[in-house]
Amino acid sequence: MAALWAGTSVYAQSTRLSEQAGNVVQTHAIPGGYAFQLDNGYATITAYSPTIIRVRVTKETPKTDFSYAIDDLTPHRSWIKAENDALTTDSLTIKITKTPFRVSFQDKKGNFLSGDDPALGISWEGPQVTSYRQMAPGEKFIGWGEKTGPLDRRGQSFVNWNTDAYGYAEDKDPIYGSIPFFIGVHDKVCYGIFFDNTRKVFANFGGGVDDDRYYFGAPDGDMNYYFFGASTVPGIIADYTSLTGRTPMPPLWSLGYQQCRWGYMTEQELLQTAKTFRIKQIPADVIYLDIQYMDHYKVFTWNQERFPHPKEMIDSLKNMGFDVVTIIDPGVKIETGYKAYEEGTAKGFFARYPGGKPYIGTVWPGRCNFPDFTRAEVRAWWGDNFKASHTDNGIRGFWNDMNEPAVLGGKEIPTVVEFGTGNNRTTLAAVKNVFGMQMARATFEGTKKDMGGNERPFNLTRASYAGIQKYSAVWTGDNRPEDEHMLLGYRLLNSMGLSGVPFVGMDIAGFSGDASPDLFVRWMSLGVYAPLYRNHTAINNRYHEPWEYGEATTEIMRHVIGQRYALLPYLYSAFYQAHKTGMPVNRMLPIHYTYDSAVYTDKYGTEFEFGDNLLVCPVDSKTMIADVYLPGKGTTWYRFSTDEAYPGGDSQFVGSPLTDLPVFVRAGAIIPEQAVIQDTKEAGDGILYLHVWQGATGSSFDYYEDDGHTYDYEQGKSYRRQIRYDPGARRIVLGKADAGYPTRFSKVRVVLHGATGWDNVQINGKTTRISQDQKLYFVEFNNSNDPITIQW
Ligand code: GLC
């Protein structure tokens with residue numbers, strides 16, 4: 001009896017343990033691609049371009065198609081043809097094996113890119129679905145959004161479950177955001193995959209398994225991934241962001257220095273802090289209000305005692321050149337008579353338990369309900385609420401916090417809590433990872449509308465999902481004041497950049513405690529090279545403002561923040577590139593040095609390019625001689641601070657005192673700069689400083705300007721100009737300006753670094769004397785929209 005029982009049990013279980021889709025039974029054409037009836041499922045393969053292929057495998061014929069990340073899911077053209085046992089596009093061959101169903105991708109040269117694991121393919125364990133994939137020898141993985149650990153994800157496993165991660169350890173997973181997109185690199189080929197599933201997605205890039213497979217999957221939902229087969233990493237990023245969207249141009253003021261603290265407790269304190277920047281001549285554009293500005297932490301209210309005159313206060317700050325960014329949390333306090341609570345309740349806008357009772361969780365204001373941001377009408381209501389309390393008072397910046405969503409104590413919210421209506425009804429299990437993104441979307445779309453539709457809001461969020469870049473900048477949450485955390489922070493920013501989100505930053509110089517003076521200096525210097533330059537720390541910590549660490553440090557701060565302001569023309573142009581192509585501002589080195597194994601090592605894996613021409617080597621605050629890697633054989637790199645030249649393709653020991661972070665500029669590069677100003681609204685001296693570093697090969701730079709705060713650029717009201725440096729022809733050419741908007745700079749000064757023997761130059765044929773300032777040659781002339789040639 002016992003033996004029979006055991007035998008039956010083992011047999012009965014083994015058929016249920018896992019299940020595969022089985023063989024292809026039938027194939028037919030569908031709009032944009034092909035569909036496959038399988039023994040145990042249904043698959044579609046469609047193309048969105050010759051290099052973007054979607055694979056969707058479901059147990060049943062799919063009824064609906066929806067994505068939080070991708071606005072337009074319709075394949076508008078047919079890029080795919082069926083040929084023999086393969087599907088082809090102009091760029092890719094998609095091999096289909098029919099018994100059993102397996103898919104693999106090749107480039108047009110026949111190189112294997114990526115494919116199903118032959119034994120396991122796509123498997124289900126109950127509702128859980130997994131794509132098991134072949135892993136090439138030496139394959140490396142980069143991206144997967146806001147994930148801790150080394151740059152190369154090989155050997156690591158992750159879970160996507162947006163989590164409030166106060167003071168997170170350096171290897172904590174998950175933290176705040178989920179972007180299930182990665183790039184695989186092997187054998188001189190690369191490819192990308194975006195697994196568009198919002199549930200508790202898991203991925204294992206070859207950790208804990210043998211060396212030949214990796215996998216990703218989800219506890220429920222479809223196996224629904226997009227394969228990116230562009231032949232370069234920038235091409236893959238461009239394709240990924242063509243689907244999930246690109247950042248709009250941020251307001252120029254949001255690229256200046258941002259001062260935050262939890263919390264500035266009163267109107268007087270906020271005004272005094274802003275004034276101190278001006279008195280001490282330390283440039284800054286933004287000051288923040290954390291939760292103390294609200295009445296009992298109730299969203300869309302002001303604390304009448306601490307901040308009795310919001311409009312006057314904001315006007316005074318504007319007069320000093322400051323914008324105010326205010327925090328906003330999703331939890332709405334349960335309080336009879338409180339407008340947001342009463343309205344949300346009356347309209348049934350809060351997330352609820354089955355049966356309809358709103359879910360209650362405790363956050364700063366006490367017991368709260370949580371808006372169901374998955375619903376368009378809830379997002380619209382949320383957005384409208386900013387008008388009276390925020391935008392009508394002149395606020396243009398919004399900081400979306402606690403939107404994982406988080407309740408106090410880092411406790412889990414029951415996944416049974418319901419969201420959506422009608423066919424879109426679902427539970428937290430399916431939408432936790434998009435809650436924050438949908439809140440940020442509601443804030444962005446609402447405040448844009450509240451400000452009349454043509455003013456750019458600055459929007460910042462903690463939680464994120466793929467596509468967040470359309471709505472918001474992202475910061476990496478409650479980090480620690482530690483060297484290793486500062487370095488981790490840059491890997492997080494770089495990974496976010498690769499994953500489509502260029503506008504990212506971290507709390508400089510650590511949120512959860514006091515930074516040492518040395519760490520403070522190093523972190524503030526590194527912050528110059530973060531897309532979002534924002535200093536923040538928690539309540540009860542020592543003050544973090546640039547002058548709080550003594551006179552000598554204040555002087556260094558004035559200099560480094562000034563450096564940020566000098567670089568704004570360069571940075572703004574980099575943001576335009578991100579807006580147009582998806583190329584991030586902070587570029588991990590594998591983006592352009594994909595097949596150089598040194599850039600994947602733990603030693604050098606934190607380095608990054610900042611825009612087209614700068615290489616930043618983050619160094620901790622204790623290391624005064626740094627081991628840095630300068631990529632690119634044949635490239636010369638100049639130290640940005642001293643113009644000292646170094647050969648690329650090798651590592652170097654370089655001095656890294658606290659006053660001089662190792663930053664390098666590529667020979668032949670052009671970097672547009674401006675004179676230091678105190679805030680981005682200040683006119684400055686009207687001179688565009690074009691720094692050019694002598695090189696064997698030249699370069700071109702796509703220079704961009706616009707009014708810095710409206711959406712008029714979408715109608716062509718922008719100023720664009722290609723600037724070329726051609727060392728062979730001894731020439732710099734400022735191309736004809738596409739001047740839909742006038743430039744701020746009436747003069748141009750070309751500054752040549754590393755040059756010798758200049759006497760005079762011809763500017764549009766006219767001989768002009770050049771000046772010399774120490775080792776630098778420069779020449780200045782009037783700007784005009786017509787081409788300007790500088791010949792020597
Ligand atoms: C959260 C945020 C932090 C903020 C604090 C108070 O911890 O991550 O930035 O200062 O809440 O609002």
Side-chain angles (χ1 to χ4, degrees), residues 234 237-238 241-242 245-256 285 454-456 458 469-470 473 497 501-503 528-533 564-587 609-614 665-666 669-675 677 680-684 686-692 698-725 732-750 783-788:
I237 297 173
T241 54
S242 76
R246 296 183 179 137
T247 179
M249 282 307 288
L252 179 60
W253 57 265
S254 69
L255 301 183
D285 267 80
N454 198 32
E455 182 70 30
R456 300 177 207 171
F458 165 68
Q469 63 271 14
K470 293 184 288 259
V501 192
F503 200 6
V528 173
Y529 306 99
L532 176 75
Y533 190 13
R564 169 71 168 213
Y565 278 79
L567 281 170
L568 281 178
Y570 173 74
L571 179 59
Y572 202 61
S573 299
F575 263 97
Y576 185 68
Q577 203 180 344
H579 165 65
K580 287 310 258 190
T581 71
M583 175 56 74
V585 174
N586 280 31
R587 305 169 187 173
E609 291 174 292
F610 185 70
D612 284 344
N613 297 321
L614 290 173
V665 57
R666 191 181 276 107
I670 303 163
I671 297 199
E673 295 189 19
Q674 66 185 5
I677 46 180
T680 57
K681 280 77 73 182
E682 193 185 308
I687 303 173
L688 180 68
Y689 295 78
L690 284 182
H691 290 266
V692 178
S699 67
S700 78
F701 188 87
D702 290 322
Y703 178 80
Y704 180 82
E705 261 185 77
D706 59 26
D707 68 18
H709 72 104
T710 75
Y711 290 93
D712 287 354
Y713 68 93
E714 290 175 348
Q715 264 66 56
K717 292 199 176 148
S718 62
Y719 178 91
R720 288 182 300 151
R721 172 167 234 179
Q722 200 194 48
I723 305 168
R724 290 197 60 81
Y725 165 43
I732 293 166
V733 180
L734 284 71
K736 187 169 168 49
D738 180 353
Y741 186 81
T743 175
R744 293 201 300 284
F745 300 105
S746 57
K747 290 201 153 105
V748 178
R749 180 185 288 198
V750 172
N783 202 356
S784 84
N785 293 334
D786 291 327
I788 305 174

Validation row, ring centre His579 to ring centre Tyr704 under 6.0 Å: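 Centroid distance His579-Tyr704: not below 6.0 Å, so no.
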Do Phe575 and Phe503 have ring centres separated by under 6.0 Å?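 Yes.
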Arg721 side chain to Tyr703 main-chain N or O, any donor-acceptor pair under 3.5 Å?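 Such a contact is absent between Arg721 side chain and Tyr703 backbone.
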Kindly write out the residues that satisfy side chain to side chain contact (heavy atoms under 4.5 Å, CB included) with [X], not counting sequence neighbours, or none if the list is empty.
| X | result |
| --- | --- |
| Glu714 | Tyr711 |
| Val733 | Arg731, Thr789 |
| Pro584 | Ile237, Arg587, Ile591 |
| Ile677 | Tyr565, Gln674, Glu682 |

Cut-off 3.5 Å, side chains only: do Tyr570 and Asp612 have a donor facing an acceptor?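 No pair is found: no donor N or O on one side chain lies under 3.5 Å from an acceptor on the other.
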Residues 736-743 side chain polar contacts: donor-acceptor under 3.5 Å, at least two apart:
from, atom 1, to, atom 2, distance (Å)
Asp738, OD2, Arg720, NH2, 2.9
Thr743, OG1, Glu705, OE2, 2.5
Thr743, OG1, Phe745, N, 3.1

Kindly write out the residues that satisfy ring pair (Phe, Tyr, Trp, His ring centres under 6.0 Å) with Tyr529, not counting sequence neighbours, or none if the list is empty.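 Per chain and number, Tyr529 pairs via ring pair (Phe, Tyr, Trp, His ring centres under 6.0 Å) with Phe610.
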Val692 vs Ile723 side-chain heavy atoms within contact, under 4.5 Å: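 Val692 vs Ile723: side chains apart.
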side-chain contact (heavy atoms from CB on, under 4.5 Å) between Asn785 and Tyr719, intermediate numbers included: CA-CA 9 Å; Asn785 293 334; Tyr719 178 91; 3.4 Å; yes
